[in-house]
Amino acid sequence: MKKKYFLNLVALALLFSYQAFSQVDVTFRVDMSAESVSADGVHITGTINDWNTSSTTLTQEGSTDIYSVTVQLDQGWHRYKFLNGNAWGTDESAGYPCAPSNGDRFLYVNDSGMSITLESVPFNGCNSSGTGFEVTFNVDMSSEASISGDGVHMAGWHTDWNPSVLSLPDVNGDIHSATLRLPTPSDYPITFEYKYLNGNGWGTEETPESESTCSTVTGTNRIVTVNNSGDNIYNVFNGCDYSLNTEEFNENAFEFVYNPNQRVLNFYGEGSHGSMDNVSVFDVKGQLVKSVPSSKDITSLSIDFQTYSDGLYFVRLTSNSGQVVKKILVY
């Protein structure tokens with residue numbers, strides 16, 4: 001009898017420890033300063049509550065415009081939206097880079113067991129660059145005979161394997177890139193499982209090299225853990241990975257400073273890279289919006305954004321020794 005009682009206690013303790021480890025407290029926060037808050041309150045819906053629009057209410061933090069709620073979540077990927085109310089029709093429509101085109105925000109809970117407080121995000125918007133966790137995915141499409149008119153897309157657990165909601169703009173002809181910004185802390189590792197598509201539907205997806213030749217491939221999917229915010233992932237469509245040429249054209253040897261008052265981007269260099277053969281600016285859809293073909297030294301280069309809309313842009317610098325792509329948030 002004592003032995004059975006002891007075994008039951010052990011089983012109960014193991015069950016309790018497993019449950020305690022498998023779920024963590026995650027605090028969601030939204031800034032409602034640009035909204036007239038509904039009398040029905042602020043809510044959150046998503047995979048965190050079976051997309052119920054009224055079951056999870058956020059509470060105002062003191063007299064601020066920030067509303068928050070703490071939810072226990074399992075490890076893995078979650079999708080969600082905030083609502084200024086408690087029914088469909090009051091939900092927000094966030095976008096790139098913190099949500100794909102369907103407006104579902106994404107969140108990854110890792111296996112560290114750590115409770116996390118997410119960055120506050122504006123209702124209908126994204127937390128500012130430099131906050132949260134950013135990662136840029138780059139895929140070299142040069143092996144493809146042509147690029148689909150539907151564009152290059154990325155599907156994975158973060159998009160619920162939807163093949164059409166996350167596009168990667170063409171930033172230099174062969175390289176397509178997209179920067180994702182999650183509200184998790186900048187030192188909170190995130191694991192992605194994904195693949196690229198030369199189109200926006202199944203049947204156009206890649207089959208990357210086998211895991212025996214590519215360490216970031218398992219089965220037919222890519223799996224990578226990103227440990228630091230600001231990291232870049234460099235993949236080859238249907239292949240493995242590629243490396244940037246940093247010997248001849250070192251992107252760390254220069255920097256840029258954006259002046260929001262003048263809406264001008266200025267470049268500063270250490271030493272000389274020679275002349276710039278071309279400087280091109282692309283919007284998030286991959287469309288060329290500005291080209292500077294003159295041979296300017298990088299130390300005297302500036303780009304005027306006064307006539308351009310607020311948003312994320314990609315600046316590509318090309319010289320006789322290589323090329324580098326930088327991203328800039330114009331506001």
Side-chain angles (χ1 to χ4, degrees), residues 23-74 76-109 115-135 157-162 164-167 178-186 188 190 229 260 283-285 309-312 329-331:
Q23 288 197 321
V24 299
D25 287 339
V26 178
T27 300
F28 294 84
R29 306 174 73 234
V30 60
D31 185 345
M32 300 296 291
S33 58
E35 307 295 318
S36 297
V37 176
S38 168
D40 294 321
V42 179
H43 291 76
I44 188 172
T45 185
T47 56
I48 65 175
N49 59 9
D50 295 325
W51 295 99
N52 189 308
T53 60
S54 61
S55 64
T56 309
T57 307
L58 282 74
T59 303
Q60 185 177 11
E61 294 185 355
S63 59
T64 71
D65 293 311
I66 306 300
Y67 287 72
S68 62
V69 66
T70 300
V71 181
Q72 283 198 326
L73 294 180
D74 293 325
W77 282 96
H78 303 271
R79 293 175 294 116
Y80 63 99
K81 289 183 176 183
F82 295 106
L83 303 95
N84 188 6
N86 61 2
W88 291 114
T90 68
D91 50 304
E92 62 174 349
S93 296
Y96 182 87
C98 61
S101 61
N102 62 358
D104 291 353
R105 299 181 185 272
F106 34 59
L107 164 71
Y108 182 73
V109 177
S115 297
I116 51 175
T117 297
L118 305 182
E119 288 287 340
S120 172
V121 296
F123 190 86
N124 276 326
C126 298
N127 49 300
S128 58
S129 180
T131 65
F133 195 106
E134 284 191 345
V135 56
W157 283 118
H158 54 300
T159 67
D160 196 32
W161 294 101
N162 188 321
S164 64
V165 297
L166 184 54
S167 62
T179 297
L180 308 182
R181 187 181 306 149
L182 286 83
T184 45
S186 60
Y188 187 80
I190 296 174
S229 179
D283 63 18
V284 295
K285 296 180 180 178
S309 303
D310 292 353
L312 188 69
L329 183 66
V330 173
Y331 59 97

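As the structure is a prediction and not an experimental result, all values here were calculated from the model. Residue numbers count from 1 along this sequence. The basis for the numbers below is simple: all heavy atoms, side chains too, and nothing from hydrogens, waters or symmetry mates.
- Gln72 and Asp25 make their closest contact through CG-OD1, 3.1 Å (heavy atoms, listed as atom of the first residue, atom of the second, distance).
- Side-chain atoms of Glu134 and Thr179 include no donor-acceptor pair closer than 3.5 Å.
- The shortest distance between side-chain heavy atoms of Ser167 and Ser101 does not fall below 4.5 Å.
- Within the 4.5 Å cutoff, the side chain of Thr45 has no heavy atoms near those of the Asp91 side chain.
- When all heavy atoms of Glu61 and Thr64 are compared, the pair lying nearest together is O-OG1, 2.6 Å.
- With sequence neighbours excluded, the residues forming a side chain to side chain contact (heavy atoms under 4.5 Å, CB included) with Trp77 are Phe106, Tyr108, Trp157, His158, Leu182, Ile190, Phe192, listed by chain and number.
- Looking at Arg105 and Val121, their side chains come closer than 4.5 Å, going by heavy atoms from C-beta outward.
- Of all heavy-atom pairs spanning Thr90 and Phe123, the tightest one is O-CZ, 3.7 Å.
- At a threshold of 4.5 Å between non-hydrogen side-chain atoms, the residues Val71 and Val26 do not count as touching.
- For the residue pair Ser164/Asn162, the side-chain donor-acceptor check at 3.5 Å is satisfied.
- Asp310 CG: more than 12 foreign heavy atoms inside a 6.0 Å radius.
- Checking side-chain atoms of Ser93 against main-chain N and O of Gly103 turns up no donor-acceptor pair under 3.5 Å.
- Residues Leu180 and Leu166 are in side-chain contact: their nearest non-hydrogen atoms beyond the backbone lie under 4.5 Å apart.
- Closest approach of Gly95 to Cys126, counting heavy atoms only: O-SG, 3.3 Å.
- The CD1 atom of Ile44 sits 8.5 Å away from atom CD of Glu92, with the distance rounded to the nearest 0.5 Å.
- Scanning both residues, Ser129 and Leu329, for their nearest heavy atoms gives CB-CD2, 4.1 Å.
- Under the rule for a side chain to side chain contact (heavy atoms under 4.5 Å, CB included), the partners of His43 that lie at least two apart in sequence or sit in another chain are Thr57, Leu83, Asn86.
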query: side chain to side chain contact (heavy atoms under 4.5 Å, CB included) between Leu73 and Leu107: does it pass, once the steps are laid out?
result: CA-CA 11 Å; Leu73 294 180; Leu107 164 71; 3.9 Å; yes
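- Under a 3.5 Å cut-off, the side chain of Asn84 and the backbone N or O of Ser36 do form a donor-acceptor pair.
- Ala94 and Gly125 make their closest contact through CB-O, 4.3 Å (heavy atoms, listed as atom of the first residue, atom of the second, distance).
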task: I would like to know whether Phe28 and Thr56 meet side chain to side chain contact (heavy atoms under 4.5 Å, CB included); could you show each step before the answer?
output: CA-CA 11 Å; Phe28 294 84; Thr56 309; over 6 Å; no
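- Of the inter-residue distances, the one linking Asp104 atom CG with His78 atom NE2 reads 14.0 Å to the nearest 0.5 angstrom.
- Here Glu119 does not pair with Arg181 in a salt bridge; the nearest charged N to carboxylate O distance is not below 4.0 Å.
- A donor-acceptor pair is defined here as one N or O able to donate and one able to accept, closer than 3.5 Å; such a pair exists between the side chain of Asp31 and the backbone of Ser33.
- Between Arg29 and Leu118, the closest side-chain pair of non-hydrogen atoms is not below 4.5 Å.
- Evaluation of the side chain to side chain contact (heavy atoms under 4.5 Å, CB included) rule for Thr59 yields no partner, not counting sequence neighbours.
- Atom CE in Met32 sits 9.0 Å away from atom CG in Asp65 (nearest 0.5 Å).
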